[in-house]
Amino acid sequence: VETFQLGSLLWEKYGNVFTNVWGATAFKGATSSCQIVPVSKYHISNHTAWLTELGMHAGKIINFRGIALTGWSR
């Protein structure tokens with residue numbers, strides 16, 4: 001399960017420095033240099049971790065615009 005925490009202070013700093021704040025998560029890629037098939041559980045848990053992070057800090061993110069969904073390939 002992918003987890004991370006950016007913390008309240010970091011979100012506040014981003015909001016003070018940048019006009020708009022975006023997050024990004026990937027639906028494929030970035031798991032191994034020789035990965036042929038995406039690891040679905042890894043990517044789904046990353047999407048879920050972003051939603052959890054945003055849920056914890058929603059009131060502190062004044063200018064949050066959204067999450068960019070990316071896919072990485074060679």
Side-chain angles (χ1 to χ4, degrees):
V1 173
E2 182 73 20
T3 60
F4 60 90
Q5 291 184 346
L6 300 179
S8 299
L9 291 177
L10 186 60
W11 282 113
E12 187 176 325
K13 286 179 184 180
Y14 283 165
N16 290 332
V17 173
F18 298 106
T19 305
N20 298 306
V21 178
W22 287 81
T25 183
F27 66 89
K28 70 174 189 167
T31 53
S32 172
S33 61
C34 56
Q35 190 77 41
I36 296 173
V37 177
V39 182
S40 299
K41 286 184 180 182
Y42 174 84
H43 296 293
I44 290 169
S45 69
N46 184 255
H47 304 325
T48 304
W50 266 108
L51 293 174
T52 300
E53 179 73 15
L54 294 173
M56 290 189 310
H57 303 289
K60 300 170 190 117
I61 309 167
I62 296 169
N63 51 355
F64 184 78
R65 295 295 180 233
I67 298 174
L69 182 62
T70 66
W72 298 84
S73 297
R74 286 188 229 350

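Worth knowing before you read on, the calculation uses all heavy atoms, side chains too, and leaves out hydrogens, waters and symmetry mates. FYI, the numbering just counts along the sequence from 1.
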Hphob cluster co-occupancy, Ile67 + Ile44, side-chain heavy atoms under 4.5 angstrom: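 Result: no, two separate clusters.
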
Under 3.5 Å, which donor-acceptor pairs link side chains of residues 15-26 to any protein atom two or more places apart or in another chain?
residue : atom : partner : partner atom : Å
Asn16   : ND2  : Glu12   : O            : 3.3
Asn20   : OD1  : Arg65   : NE           : 2.7
Asn20   : OD1  : Arg65   : NH2          : 3.0
Thr25   : OG1  : Asn46   : OD1          : 2.3
Thr25   : OG1  : His47   : ND1          : 2.9

Taking the hydrophobic residues Ile, Leu, Val, Met, Phe, Trp and Tyr, and joining any pair whose side-chain heavy atoms are under 4.5 Å apart, which ones share a cluster with Leu69?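 Result for Leu69 is Phe27.
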
Results of side chain to side chain donor-acceptor pair (under 3.5 Å) for Thr70 - residues two or more places apart only: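 In terms of side chain to side chain donor-acceptor pair (under 3.5 Å), with neighbours along the sequence ignored, Thr70 is linked to Trp72.
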
